[in-house]
Amino acid sequence: MSDQLSEQLQQLTEELARSEDADALYEVRVRYLGKKGSITALRRQMGKLAPEDRKAFGQAFNAVKVEAERAIETRRDALVSAAREADLARHEDLSMPGAHERELGTLHPITQTRRALEDIFARMGFAVKEGPHIEDERYNFDKLNFQPGHPARDMQDTFFVRPRSDARLVLRTHTSPVQVRTMLAHEPPIRVVAPGTVFRKDDDATHSPMFHQLEGLFVDRHVTMADLKATLYRFVGEFFGEGLNVRLRPSYFPFVEPGAEVDMQCPFCREEASGASVGCGLCKGTTWIEIAGSGMVHPHVFESCGIDPERYTGWAFGLGLDRMAMLKYAVTHLRLFFDGDVRFLEQFPC
Ligand code: PHE
């Protein structure tokens, strides 16, 4: 019997030497000392011994059990310190500089453009104002003199937000509702620009369902369209280069009267000597590039915002912000701005 005990102990020692981790140690322990372990099993045989031999066997059994536990613990300690040694031996020089330069992000080109425009208009005395992307339909349309059946309200053009209350909400289709919000909140004189994201259901190479505008609004006594043209001329000179012409072309928007499209002289085919543009692919040979909608604030809009149209006049414009960025950086596809491709974006350091 005690032969069997020392045999088991011998086997256990050998198995321990082959065990390389805590899981293996656990298995060995279960196999020998667990409830159904082979050393544990020997104890049950004590009943078969003659009574006078039992005491000696009991002592031998306990000694072997203690020895086995100790052997497992010793192996465990050895494994732990070996792992620790290996860890310490991994020499890493933490003071060594990294192999790659740390890459810093830059502001998105649309953000750079927005800030540049804000700066230009701020120098001309305009405050910067923002409005919500999810807008009350009355601010986006009604108070801007859009009639109930106006095509811009069509489901094809506008993202309507499922109502939770009586409020009819849309993703704003232009920054013009900020005109309304400003006039409802402030007495003239008013001079603000309102940059921001707008949404329409267009989606092709030059249209994205999400794009950006910068609204301008000037309301005071005796404001005329001449002020509008001078302001836009100043803006184009600052942003694209001095001396580029600006023209107003009759157009229609329900919230202005008269209304006009704003064109600027094409900067890409401008001849140094004469200062005239000659026509190129970007202006489609016309020498003009459309940059904004504009006009004198409609009396109905003043009335719906609590401003006396007999006393005040004003103008507004809505610039395509992305358009400005495309022209400034000569980017041909609007979508490049929104695809998030780092190879494109890293070309606009700031
Ligand atoms: N809100 C118009 C648009 O998005 C632009 C505009 C703004 C026109 C202000 C006139 C005055 O097309």
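For the single chain, residues carry numbers from 1 onward in sequence order.
- Under the ring pair (Phe, Tyr, Trp, His ring centres under 6.0 Å) criterion, Y252 pairs with no residue, sequence neighbours left out.
- The aromatic ring centroids of F121 and F317 lie less than 6.0 Å from each other.
- In this structure H133 satisfies the ring pair (Phe, Tyr, Trp, His ring centres under 6.0 Å) test together with F199, sequence neighbours excluded.
- Using a 4.5 Å heavy-atom cutoff, the side chains of F218 and V297 are not in contact.
- Sorted by first then second residue, the salt bridge (Lys or Arg N to Asp or Glu O under 4.0 Å) pairs that include residues 340-350, not counting sequence neighbours, are D341-R343.
- Ring-centre distance between Y312 and F302: not below the 6.0 Å cut-off.
- Of all the heavy atoms in N140 and P177, the pair that sits closest is OD1-CG, 3.8 Å.
- In terms of the side-chain hydrogen bond (donor to acceptor under 3.5 Å, both in side chains) criterion, E85 has no residue partners (sequence neighbours excluded).
- A search for side chain to side chain contact (heavy atoms under 4.5 Å, CB included) contacts involving A260 returns M225, L248, S294, not counting sequence neighbours.
- Among residues at least two apart or in separate chains, salt bridge (Lys or Arg N to Asp or Glu O under 4.0 Å) pairs with a member in residues 145-155 are E137-R153, D142-R153.
- Residues meeting the salt bridge (Lys or Arg N to Asp or Glu O under 4.0 Å) test with E130, sequence neighbours left out: none.
- Sorted by first and then second residue, the pairs that involve residues 268-298 and meet ring-ring contact (aromatic ring centres under 6.0 Å, His included), not counting sequence neighbours, are H298-H300.
- Residue pairs meeting the salt bridge (Lys or Arg N to Asp or Glu O under 4.0 Å) criterion with at least one partner in residues 207-223, sequence neighbours excluded, are absent.
- Shown here are the ring pair (Phe, Tyr, Trp, His ring centres under 6.0 Å) partners of F239, two or more places apart in sequence or in another chain: F235.
- Applying the ring-ring contact (aromatic ring centres under 6.0 Å, His included) test to pairs two or more places apart or on separate chains, those with a residue in residues 166-189 are F146-H174, H174-F255.
- Among pairs with a residue in residues 176-193, those fulfilling salt bridge (Lys or Arg N to Asp or Glu O under 4.0 Å) read E135-R181, at least two apart in sequence or across chains.
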